[in-house]
Structures are given as C-alpha cells and as structure tokens.
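Have a look at the structure below before the remarks.
Each chain gets a letter, A, B and so on, in the order its sequence line appears, and its residues count up from 1. Computed from heavy atoms alone, side chains included, the values below leave out hydrogens, waters and symmetry copies.
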Amino acid sequence: MRFHNALIPTTKEESAQAQVLSHKLMLRSGMVHQLASGVYSSLPLAARILRNITQVVRQHMDAVGAQEVILPMLQPLQLWQTSDRLKQFGPLLFQLHDRKQMPFCLGATHEEVITVLLRDCLRSYRQLPMVMYQIQTKFRDEIRPRFGVMRAREFLMKDAYSFTLTQQETQTIYEKMRQAYKAIFADCGLQTVVVDADCGDMGGNTSQEFHAVAQSGEDVLVFCPECNYAANQDVLPLDGTQQKSPNDELESRVDVPCPACKHPSLKQQRGIEVGHIFDLGTKYSLAFQATLQDAAGQQVPLHMGCYGIGVSRMMAALIEQRGASGCMCWPLQIAPFHVQLISLGNDATVQQAADGLYANLMRAGVQVLYDDRNEQAGVKFNDADLIGCPLRLCLGKRAVQQGQVEFQQGPDFSKSTQIALQQAVEHVTCQINDHQPETAHLK
RNA sequence: CGGGGUGUAGCUCAGUUUGGUAGAGCGCUUGGUUCGGGAUCAAGAAGUCGUAGGUUCAAAUCCUGCCACCCCGACCA
C-alpha cells in the first residue's frame with residue numbers, strides 16, 4: 001500500500017478524548033475513528049490487524065474441530081424471555097421493533113440463537129460433540145463505554161459454543177478450548193494469565209477468564225505466591241477494610257488467605273479480560289428444550305459450554321502491553337504490514353530505487369506500507385514509530401548510491417544494519433519465514 | 001442511574017469573569033528555499049461559537065431547557 005493515498009490520518013497532537021495508552025495511540029496512528037460513544041470505525045490499519053487476529057483465531061478453532069457459522073445479529077426479543085435473561089441482561093440490549101411492532105434486539109451474545117439452531121438441526125447424539133463458532137460484531141449498551149475499543153458498545157468478538165450429551169464431555173472440550181485459547185494468545189504475542197472467574201449473567205457452573213496483564217486493566221486479579229491459585233478478585237469474599245485495588249503499582253498484595261492453600265496473603269495485578277470460557281451446563285438446553293435421545297432411548301438435555309474472545313479488545317490489549325508514548329511495534333503475525341518502506345528526500349534516483357524495491361517486495365508477497373509521500377524524514381520516521389510495523393526499510397541518497405538499504409527490526413528501532421539493495425527482498429522474506437510466534441508467558 | 005467536567009475551523013485550545021462585528025498553533029491549498037527525526041518564507045481557504053428559546057440596541061460571552069462527549073462508581077469480551 002502506498003502511503004500517499006492510504007487512509008491513515010496520523011496526528012501530531014494527542015486527542016483530548018483518550019486517557020489510556022492504547023486509545024491515544026490508536027487515534028494518533030489513524031487506526032480508528034469515533035462515531036459515537038463506544039462506537040468506532042476501523043480504518044485500514046485496524047482492519048488489517050483485526051483480520052490477522054481473526055485469522056489466528058480461525059486456525060486454532062478449526063484445528064480443534066470447531067465449525068464456523070454466521071448467526072443473526074437481529075434476534076427476536078422473545079428468545080431472551082425464554083431463557084429468562086431479559087431481566088438481568090435487558091438494559092444491556094439494544095432493543096428495536098420491526099414494522100409490525102415485533103420486539104427485536106441486536107445480538108449481545110448468542111447462547112439463545114445457537115441453542116435453537118442446534119435443537120432444530122441436530123438429529124442424533126451420534127453427531128456429538130459439536131462445537132460452533134463465529135466471529136461477529138456484538139452490540140451491548142454498556143453502562144459506561146470507555147477507553148476506546150477496550151469497552152465499546154459495538155465490538156468484534158469470537159464466540160464459540162459446544163454441545164455434548166454429558167458433563168464429562170463438556171469438560172473435555174472445555175479443556176481443549178482452554179489450550180486453544182492459550183495458543184491463540186501466545187501466537188498473537190499477547191501475554192495472558194488464566195484465572196478463576198464469576199459466571200455472571202451467562203449462567204452455568206465453572207468459568208475462567210484470560211487476562212492480558214496490564215496496568216490499565218479494569219479487573220483486579222489475585223495470585224497465590226505459594227500454590228498456583230489464580231482468580232479474579234470478584235470471586236474473593238472481601239470485607240470493606242481490605243485493599244480492593246492495587247493503586248498505581250504494577251503489583252501489590254491483599255491480606256486474604258489463599259482459598260486453596262491458606263497462605264496468608266495474595267498478590268494482586270491488573271488485567272484486561274480478553275477471553276472467557278464457561279461450562280454452561282443445561283441452562284439453555286432446558287429453557288429451549290434442546291434434547292436428544294441417548295443410547296438408552298432417554299431424552300436428555302444437551303450440555304453446553306461457551307467460549308468468547310474479545311477480538312477488538314485484544315488489539316487494544318496488545319498496544320497496552322507493547323506500546324509506548326508515540327510508538328508501537330506489532331508482532332509480525334498480527335502487524336498491519338510486515339514492512340514499512342521509507343524513501344527519504346525527493347531525489348529521483350532514490351524514488352526510483354524505492355519504487356523498484358516496493359514492486360519487488362510486493363511480488364514476493366511481502367505486506368508492505370510504502371511511505372512514498374513527499375515529506376520530511378522526521379515526519380516519516382515519526383509516523384513509522386506510531387504505526388509500528390515490525391520491519392523497516394529505509395532508503396536515502398547515500399545508501400542508494402552505494403547500492404544499499406538500511407534495515408531495522410522492532411521493537412528496538414535504534415539499531416540498524418546496511419544490506420545490499422539486491423538482497424533486500426530475500427533478507428525480508430527470510431525474516432518473515434523464519435519468524436516464530438513469540439511465546440508469551442502463561443500461568 | 002448518581003457525582004464531576006467539556007462543547008468555539010479537520011485537530012489542540014484561547015476568548016466567557018467585565019456583552020460591542022471570530023482568534024492562535026498544528027493540519028490543509030498555491031508558490032519558493034529546504035530534505036536522515038515533525039524545517040522555513042510568502043500568499044490563501046476554512047467556523048450556523050453543540051442546540052432551542054429568553055434577556056438586550058447588541059450574546060461565543062448573561063438566563064432557562066435540551067443534546068452530545070469525557071472522567072469517577074455498579075456491568076462485561
């Protein structure tokens with residue numbers, strides 16, 4: 001993509017609206033544009049990043065045998081009455097009416113829809129287990145949208161639902177999904193931890209959350225320094241005197257005994273919830289009479305699990321973990337472009353060389369953002385820092401005369417190496433092909 | 001929903017106290033000099049001052065209602 005006619009409206013000044021790093025950086029780098037509170041357009045950079053994240057998600061979901069579907073965003077409100085969720089979830093739903101005054105809502109989540117679908121379409125228990133997933137926009141009229149796409153009213157989510165005949169089978173799939181989730185976050189270069197969580201409005205028995213550890217996180221997590229107990233602080237019984245939030249420090253502690261090993265205090269950290277998995281039990285299958293005959297000829301309600309990933313929130317979480325004021329470096333597999341190619345000055349030979357290199361990179365299948373604008377070096381470098389492509393190629397007059405190009409690799413762009421112009425494409429493709437997804441630390 | 005704050009050019013803001021014909025910087029357009037970390041000179045375009053009503057000879061400025069957005073709390077991926 002050539003920069004001069006790309007929709008990448010970077011800005012020198014910071015928006016007054018943004019408070020957290022990821023929001024500031026997304027606005028400054030021209031990734032997103034706010035249309036209303038909690039409602040954002042994704043510009044080309046963000047769209048490409050989201051596409052890359054969803055690609056990783058699809059790979060892992062397909063690998064565990066989940067089947068991709070597309071469920072309706074428009075849902076009859078009646079479904080939510082049937083599942084008895086209208087009371088708790090009602091205010092969160094965007095509700096509307098069709099021309100006959102039938103009440104509808106925009107999909108905030110899809111347990112009801114998927115249960116009805118599988119109830120009507122499953123023929124035999126022999127088809128089980130079955131796992132369905134979709135990647136779709138969700139609508140929630142959040143009490144308080146904030147921090148840009150971090151808590152938006154319209155956001156991109158991957159939601160999956162599993163159906164089995166027994167609780168044990170659900171447990172097996174739950175564990176498979178847990179492993180898949182770890183792999184997804186690791187492949188995306190996001191450092192996450194898994195903690196025990198509250199089931200909330202979803203209902204069901206067990207649930208665990210995946211958190212990207214970050215100081216700007218909205219959740220407080222607790223960890224036992226002795227055993228491997230880890231939980232969202234919400235599930236701990238705290239009295240008013242105990243310190244609820246870990247102030248400004250990255251880590252702090254709370255004097256509550258570990259529920260697992262009775263160690264007298266727990267470590268606290270903040271996290272951004274990027275994934276949540278639930279064992280739903282039979283709550284929805286009972287409500288919608290989603291049953292099948294088992295081998296003994298008995299009608300039994302299906303056991304369900306559900307598994308969500310906040311795709312657009314992951315994008316923000318990556319910036320929180322990897323960004324700094326005015327600069328970012330995306331993991332190669334998620335980056336909007338592999339390479340940012342920068343031509344410096346308006347010398348004709350430089351431009352010619354850069355045009356040629358751009359064409360060759362494109363031909364080799366490299367995703368490249370070519371800054372072909374007639375701008376000062378400083379402008380181009382600053383924009384490159386903001387956009388955060390992990391590889392950078394820089395062509396100046398001196399280098400071109402010597403048949404060389406400057407190569408840089410994030411996150412430390414202060415170092416650079418000179419490589420022969422002729423070898424540049426090969427060098428870059430090697431970097432891309434040899435790249436191993438960064439393995440994030442997992443608990 | 002309660003508490004706090006902000007709405008003036010595409011963006012960041014001044015001007016509001018004390019009413020008197022709309023300002024700056026950045027960005028944008030045209031031309032010149034520059035060209036490896038947001039350069040510079042000259043000329044220019046751009047605003048129903050969130051919105052509706054009121055007070056007044058006169059309102060961005062004073063009064064009332066409404067709306068939007070941001071921040072602090074309960075909710076969630």
Side-chain angles (χ1 to χ4, degrees), chain A residues 9-20 23 27-28 30 33-39 53 57 88-93 108-110 135-160 181 185 192 197-202 207-212 217-219 232 234 244-245 271-278 306-317 326-327 342-347 350-351 371 373-386 392 394-400 406 408 413-414 416:
Chain A
T10 58
T11 64
K12 202 192 283 194
E13 283 174 297
E14 220 160 60
S15 167
Q17 303 290 33
Q19 313 294 322
V20 296
H23 193 194
L27 291 172
R28 277 198 64 199
H33 175 261
Q34 180 173 21
L35 186 64
S37 180
V39 181
I53 295 173
V57 170
Q88 319 117 291
F89 231 119
L92 208 65
L93 293 176
T109 170
H110 282 75
I135 295 170
Q136 200 190 49
T137 304
K138 291 280 187 280
F139 299 89
R140 295 183 184 175
D141 194 359
E142 290 284 343
I143 297 166
R144 191 153 83 83
R146 57 181 155 177
F147 306 150
V149 302
M150 196 88 84
R151 176 176 300 281
R153 295 195 293 175
E154 180 181 325
F155 60 96
L156 194 61
M157 177 171 168
K158 188 284 304 186
D159 47 324
Y181 270 36
F185 295 126
T192 56
D198 190 23
C199 293
D201 288 335
M202 293 298 166
S207 89
Q208 285 175 306
E209 291 168 345
F210 289 77
H211 283 265
E218 294 183 87
D219 289 87
N232 191 309
D234 292 348
K244 278 216 160 139
S245 60
I272 301 162
E273 186 187 350
V274 288
H276 201 159
I277 56 178
F278 302 79
C306 88
Y307 316 88
I309 289 181
V311 175
S312 43
R313 185 180 279 181
M314 271 179 77
M315 176 167 68
C327 86
I342 299 173
S343 66
L344 295 174
N346 58 356
D347 187 84
V350 173
Q351 273 183 23
D371 197 340
R373 295 174 300 170
N374 184 17
E375 287 287 356
Q376 297 242 167
V379 173
K380 293 191 176 190
F381 287 137
N382 278 304
D383 278 351
D385 289 343
L386 274 173
R392 203 177 286 181
C394 207
L395 271 173
K397 196 172 178 179
R398 230 174 314 140
V400 169
E406 191 173 308
Q408 289 171 299
F413 288 105
S414 62
S416 72

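Taking the P atoms as reference points, rA46(B) lies 14 Å from rG23(B), given to the whole Å. Rounded to a whole angstrom, the distance from the C1' atom of rA60(B) to that of rC13(B) is 14 Å. rU51(B) and rA68(B) are spaced 10 Å apart, taking the C1' atom of each and rounding to whole Å. On the P atoms, rC71(B) is 28 Å away from rA52(B), given to the nearest whole Å. Comparing the C1' positions of rA14(B) and rU61(B) gives a spacing of 14 Å, expressed to the nearest Å. The same atom, C1', is picked in rG2(B) and in rC75(B); the two are 16 Å apart, to the nearest Å. Only the P atoms considered, rU48(B) is 34 Å distant from rG3(B), to the nearest whole Å. Separation of the C1' atoms belonging to rC41(B) and rA22(B) is 26 Å when rounded to the nearest angstrom.
Remark: ring of Phe155(A) overlaps the six-membered base ring of rA77(B) in a stacked fashion, centroids less than 5.5 Å apart, planes less than 30° apart.
Of the candidates rU12(B), rG37(B), rC71(B), the closest approach to any side-chain atom of Gln19(A) belongs to rC71(B). In this structure, of rG73(B), rA77(B), rA74(B), it is rA77(B) that holds the atom nearest to the side chain of Arg151(A). For Glu142(A), counting side-chain heavy atoms from C-beta on, the closest listed nucleotide (rC76(B), rG36(B), rC13(B)) is rC76(B). Comparing rG38(B), rA77(B), rG36(B) by their nearest atom to the side chain of Cys394(A) picks out rG36(B). Distances from the side chain of Arg140(A) to the nucleotides rA77(B), rG36(B), rC71(B) place rA77(B) closest. Comparing rG38(B), rG36(B), rC75(B) by their closest approach to the side chain of Arg28(A) singles out rG38(B).
For the OP1/OP2 pair of rC72(B) and a distance below 4.0 Å, the side-chain nitrogens and oxygens of Arg144(A) include at least one atom meeting the criterion.
The CZ atom of Phe89(A) sits 13 Å away from the P atom of rC75(B) (whole-angstrom rounding). Lys158(A) has its NZ atom 11 Å from the C1' atom of rA77(B), to the nearest Å. Atoms CG (Asp371(A)) and P (rG38(B)) sit 15 Å apart, rounded to a whole Å. With rounding to whole Å, Gln136(A) atom CD is found 16 Å from rA77(B) atom P. Per the geometry, CZ belonging to Arg392(A) stands 10 Å off C1' belonging to rG37(B), to the nearest Å. Rounded to a whole Å, the CD atom of Gln34(A) is 14 Å from the C1' atom of rC11(B). Separating the CG atom of Leu344(A) from the P atom of rG38(B) is a distance of 13 Å, rounded to the nearest angstrom. For the pair Phe147(A) CZ and rA77(B) P, the interatomic distance rounds to 17 Å; values are reported in whole Å.
As judged by a 4.0 angstrom heavy-atom cut-off over every strand, Asp159(A) is placed among residues making no nucleic acid contact. Within the nucleic acid shown, Gln17(A) comes within 4.0 Å of sugar-phosphate atoms alone, with no base atom in reach, counting heavy atoms only. When heavy atoms are screened at a 4.0 angstrom cut-off, Gly275(A) is found touching the sugar-phosphate backbone but no base atom. Looking at heavy-atom distances under 4.0 Å, Met150(A) makes contact with a base. Using a 4.0 Å heavy-atom criterion, one finds that Tyr181(A) contacts no nucleic acid atom at all. Residue-level contact check: Val379(A) touches the bases, meaning some heavy atom is under 4.0 Å from a base atom. Across all strands, Ala152(A) comes closer than 4.0 Å to base atoms (heavy-atom distances).
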Table of protein N/O atoms under 3.5 Å from nucleotides 24-33 of chain B N/O atoms:
{"unit_1": "rG25(B)", "atom_1": "N2", "unit_2": "Glu13(A)", "atom_2": "OE1", "d": "2.9"}

Listing time: all N or O pairs from protein to nucleotides 41-46 of chain B that are below 3.5 Å?
none

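Taking the six-membered ring where tryptophan is involved, the planes of Phe185(A) and Tyr181(A) are perpendicular, since the angle between them exceeds 60° and thus also 30°.
Under the Watson-Crick or G-U wobble criterion, with both distances below 3.5 Å, rU18(B) has no partner in any strand shown. Nucleotide rA9(B) forms no Watson-Crick or G-U wobble pair with any nucleotide shown, as no partner meets the under 3.5 Å limit on both distances. rU33(B) and rA39(B) make up a base pair, with Watson-Crick or G-U wobble contacts both under 3.5 Å. Pair assignment for rA52(B) gives rU64(B), based on Watson-Crick or G-U wobble hydrogen-bonding distances that are each under 3.5 Å. Across all strands shown, rG73(B) forms a Watson-Crick or G-U wobble pair with rC1(B), both key distances being under 3.5 Å. Here rC28(B) sits opposite rG44(B) as a Watson-Crick or G-U wobble pair (both hydrogen-bonding atom distances under 3.5 Å).
Using a 4.0 Å cut-off between a side-chain N of Lys or Arg and a carboxylate O of Asp or Glu, Asp385(A) and Arg392(A) qualify as a salt bridge.
Side-chain contact of Asp219(A) with Asn232(A): a donor-acceptor pair under 3.5 Å is present, judged by distance alone.
Distance alone, capped at 3.5 Å, is enough to place a donor-acceptor pair between the Gln408(A) side chain and the Phe413(A) backbone. For Arg153(A) (side chain) and Glu142(A) (main-chain N/O), no donor-acceptor pair under 3.5 Å exists by modelled atom type. In this structure, Ser312(A) contributes its side chain and Leu156(A) its backbone to a donor-acceptor pair below 3.5 Å. A donor-acceptor pair is defined here as one N or O able to donate and one able to accept, closer than 3.5 Å; no such pair exists between the side chain of Arg151(A) and the backbone of Arg146(A). Side chain of Lys380(A) to backbone of Ser343(A): a donor-acceptor contact under 3.5 angstrom is found.
Residue Arg313(A) places a side-chain atom within donor-acceptor reach of the base of rC76(B), judged by atom type and a 3.5 Å distance cut-off alone. Under 3.5 Å, the side chain of Asp219(A) and the base of rC76(B) form at least one donor-acceptor pair of N or O atoms.
Nucleotides of RNA chain B nearest to Asp383(A) and Glu14(A) differ in position, and the one nearer the 5' end is that of Glu14(A). For the pair Ser37(A) and Glu209(A), nearest-nucleotide mapping onto RNA chain B gives the more 5' position to Ser37(A).
When every heavy atom of Ala317(A) is checked against every heavy atom of Ala212(A), the shortest pair comes out as CB-CB, 3.9 Å. Scanning both residues, Ala316(A) and Val149(A), for their nearest heavy atoms gives CB-CG2, 3.9 Å. When all heavy atoms are compared, the tightest approach of Val350(A) to Leu344(A) is CG1-O, 3.6 Å. The nearest pair of heavy atoms linking Ser15(A) to Leu27(A) is CB-CD1, 3.6 Å. Between Gln351(A) and Asn346(A) the shortest heavy-atom distance is NE2-CA, 3.9 Å.
Separation of atoms CD1 (Ile277(A)) and CD (Glu209(A)) is listed at 10.5 Å; rounding is to 0.5 Å.
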